[in-house]
Every structure is written in structure tokens, then in C-alpha cells.
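Below is one structure, written out as C-alpha cells; the observations come after it.
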Amino acid sequence: MLLVDSLIVLGMATVSLGTIHEADGMQERSFWLKNCGSGAVAMVQGYTSCGCTTIYFAKDEAIAPGDSTCVTLRFNPRGKGGEFEETGTLVYGSQRRRLQLSLIGNCIASEETLMRQFPIRINDSLRLSANRFDLGIMQVGQKKERNVVVLHCDEHNRQERIPIVFKADANYGKGLMHIDHPIIIMEKGRQLKITVTFDVIIK
């Protein structure tokens, strides 16, 4: 028995753009959807995961059983860098089902964008996304995780994500604290120790 209000993607619901450059500008891919239900269906709403992505479709246009329609996702890489996954979600039919489409890939950012994304300079070959984190209010024993992203300028701008877990230990005392925390980065085969700071109020 066929479902009412049922759209399927003809092909892949996730399309890889591969490696693109920020300077390449707008990227566009089309997806074909087929109505495999027993009655006509219409797409009534669409939204995306980020303002850099837009979704285009024939809103409120009836799609008869067995017919197909095209949906387009456009991704603007301006100000982007590194791996990305941007999604577009369609709401369709009387039962307001949802169908998700995705664009994935790796964006090589311009030098200007990289300087904004990695403002902390360690040396000529290393930059950080941040070296200070506001953790807000924490109870003794509570844990929070933050990520430092390292830009390896001498390795074709390779990005490395380093997770850091902070635990509000009773030994720190209570009140407003500025706590230094070391991280280790591998640079040219050797370990480099870098300090980041957590601003936290411990209760």
C-alpha cells in the first residue's frame, strides 16, 4: 500500500561539492524528488541550516502521484573555511512530513577570511581560533568542553580541532577565576605547548 504524502529523492540526498575555494563564489546543485504517494502533494515550506545556504522549490504547487519536481540548494562560501555540511529541509503534504537535502565539502578560505577565523598568532606557521574562553557559572564537579581550532599555515592551511574538557575542581576555590590550561600541538614533528585561559565563576 502506498503512503499518502510521500516524496522520495531520486539519487543522492547528500551531494559532495568536493574541495572548493571561497573565491569560486556561489555553488548550486539540483535534487529531483518523486511523489511515490497515492495522492497529490505540495511542498509548503523550506528552510536551511545557515544564512549561507538558500533553497528554491515550487511552493504550494501540486505534484501528482508519479510526477517529479526539482529542488535547488545554493551555497555561498563567502567567509567560510574548512569542512562544511549545509542542509535544506522541505516541509510537504497534509501530514507536514520533512525531507532533508545536504551539500558537503571542504572550502579553502581566502587569506582575509583565515585571519578573521584564526586571530591568535602563535608563530609564522600556527594560528588559533581562540585562546580565551568564557565558561560562565559552574558548580564544583561540573564539566564543560570547548574546542580550539589550530591553523597549520605551512601545511596548506590544514585545520586541526583540539577538544578541551574543563572540570570545576574544588581546589580552584570559588568565585571568579582565570585558569590557565595547557594544550599540546604537534608542529613539524615536535610538541609545542600552548596555554589557553578559562574565565569561570565557580560556585
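Along the sequence shown, residues are numbered consecutively beginning with 1. The structure presented is a predicted model; accordingly, all values stated were derived computationally and were not measured.
Residues Ile183 and Ile120 are members of one and the same hydrophobic cluster, defined by side-chain heavy-atom contacts under 4.5 angstrom among Ile, Leu, Val, Met, Phe, Trp and Tyr. Note on Ile185: it does not cluster hydrophobically with Val149, by side-chain heavy-atom contacts below 4.5 Å among ILVMFWY residues. Hydrophobic clustering, with ILVMFWY side chains joined whenever heavy atoms are under 4.5 angstrom apart, groups Ile164 together with Ile179. Cluster membership for Tyr47 and Met43, using ILVMFWY side-chain heavy atoms within less than 4.5 angstrom, is not shared.
Using a 4.5 Å cut-off on side-chain heavy atoms (C-beta onward), Ile202 and Ile137 make no contact. For the pair Leu128 and Val150, the minimum side-chain heavy-atom distance is below 4.5 Å. For the pair Phe57 and Leu33, the minimum side-chain heavy-atom distance is 4.5 Å or more. Side chains of Leu192 and Ile184 form no contact here, defined as non-hydrogen atoms less than 4.5 Å apart. Arg78 places none of its side-chain heavy atoms less than 4.5 Å from the side chain of Cys52. Taking the side chain as every heavy atom from C-beta outward, Ile201 and Met177 never approach each other to under 4.5 Å. Taking 4.5 Å as the limit, every side-chain heavy atom of Asp169 sits out of range of all side-chain heavy atoms of Val140. At a threshold of 4.5 Å between non-hydrogen side-chain atoms, the residues Asn157 and Leu151 count as touching.
Annotation: Glu83, atom CD; neighbour count of heavy atoms from other residues, nucleotides and ligands within 6.0 Å does not exceed 12. Summarising the local packing, CD of Glu61 is surrounded by 12 or fewer heavy atoms from other residues, nucleotides or ligands at distances under 6.0 Å. The neighbour count for Arg161 CZ, taken as heavy atoms of other residues, nucleotides or ligands under 6.0 Å away, does not exceed 12.
Between the side chain of Ser49 and the main chain of Thr87, a donor-acceptor pair closer than 3.5 Å is present. Checking side-chain atoms of Asn35 against main-chain N and O of Ile63 turns up a donor-acceptor pair under 3.5 Å.
Of the N and O atoms on the side chains of His152 and Glu160, at least one donor lies less than 3.5 Å from an acceptor on the other residue. The closest side-chain donor-acceptor pair between Thr197 and Asp180 falls under 3.5 angstrom.
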(request) Quick one: do Glu187 and Leu126 satisfy side chain to side chain contact (heavy atoms under 4.5 Å, CB included)? Show the steps, please. (result) CA-CA 8 Å; Glu187 182 193 21; Leu126 288 178; 3.8 Å; yes
(request) List the steps and the verdict of side chain to side chain contact (heavy atoms under 4.5 Å, CB included) for Arg146 and Lys144. (result) CA-CA 7 Å; Arg146 295 293 183 268; Lys144 288 187 178 180; 4.1 Å; yes
(request) Dump the intermediate steps for side chain to side chain contact (heavy atoms under 4.5 Å, CB included) on Ile55 and Leu90, then the final yes or no. (result) CA-CA 9 Å; Ile55 186 169; Leu90 289 164; 3.8 Å; yes
(message) Determine whether Val44 and Asp60 satisfy the following criterion, side chain to side chain contact (heavy atoms under 4.5 Å, CB included), listing intermediate values before the conclusion.
(response) CA-CA 5 Å; Val44 297; Asp60 296 328; 3.7 Å; yes
Pairs under 3.5 angstrom only: tabulate donor-acceptor contacts from the side chains of residues 11-30 to other protein residues two or more places apart or in another chain.
| residue | atom | partner | partner atom | Å |
| --- | --- | --- | --- | --- |
| Ser16 | OG | Gly18 | N | 3.1 |
| Glu22 | OE1 | Ser110 | N | 2.8 |
| Glu22 | OE1 | Ser110 | OG | 3.0 |
| Glu22 | OE1 | Thr113 | OG1 | 2.9 |
| Glu22 | OE2 | Gly79 | N | 2.7 |
| Glu22 | OE2 | Thr113 | OG1 | 2.9 |
| Asp24 | OD2 | His21 | N | 2.8 |
| Gln27 | NE2 | Gly25 | O | 3.1 |
| Glu28 | OE1 | Arg74 | NE | 2.5 |
| Glu28 | OE1 | Arg74 | NH2 | 3.2 |
| Ser30 | OG | Thr72 | OG1 | 3.3 |

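The aromatic rings of Phe84 and Phe75 lie parallel to each other, their planes meeting at an angle below 30°, with 60° marking the opposite boundary. The aromatic rings of Tyr172 and Phe166 sit parallel, their planes meeting at an angle under 30°, below the 60° perpendicular limit.
Identified under the side chain to side chain donor-acceptor pair (under 3.5 Å) test for residues 127-142, with sequence neighbours left out: Arg132-Asp199.
Between Ser68 and Leu10, the shortest heavy-atom distance links the atoms OG-CD1, 3.7 Å. Here the shortest heavy-atom pairing between Pro163 and Glu145 reads CB-OE2, 3.6 Å. For the pair Gly81 and Ala109, the tightest heavy-atom approach, listed with the atom from each and the gap, is CA-CB, 3.7 Å. Contact record, Leu103 with Phe31: CD2-CZ, 4.1 Å, taken as the closest heavy-atom pair.
Rounding to the nearest 0.5 angstrom, the gap separating the CH2 atom in Trp32 from the SG atom in Cys70 is 5.0 Å. For the atom pair OG1 (Thr53) and CG (Leu101), the distance works out to 11.5 Å, reported to the nearest 0.5 Å. We find the OG1-CD distance between Thr89 and Gln100 to be 4.5 Å, quoted to the nearest 0.5 Å. Here Glu86 contributes atom CD and Lys80 contributes atom NZ; the two are 5.0 Å apart, rounded to the nearest 0.5 Å. Of the inter-residue distances, the one linking Ile104 atom CD1 with Glu85 atom CD reads 6.5 Å to the nearest 0.5 angstrom. Once rounded to the nearest 0.5 Å, the distance linking CG of Leu135 with CZ of Phe133 reads 8.5 Å.
Aromatic pair Phe198/His181: centroids less than 6.0 angstrom apart.
Remark: Lys188 pairs with Asp154 by the salt bridge (charged side-chain N to carboxylate O under 4.0 Å, His left out) rule, at least two apart or across chains.
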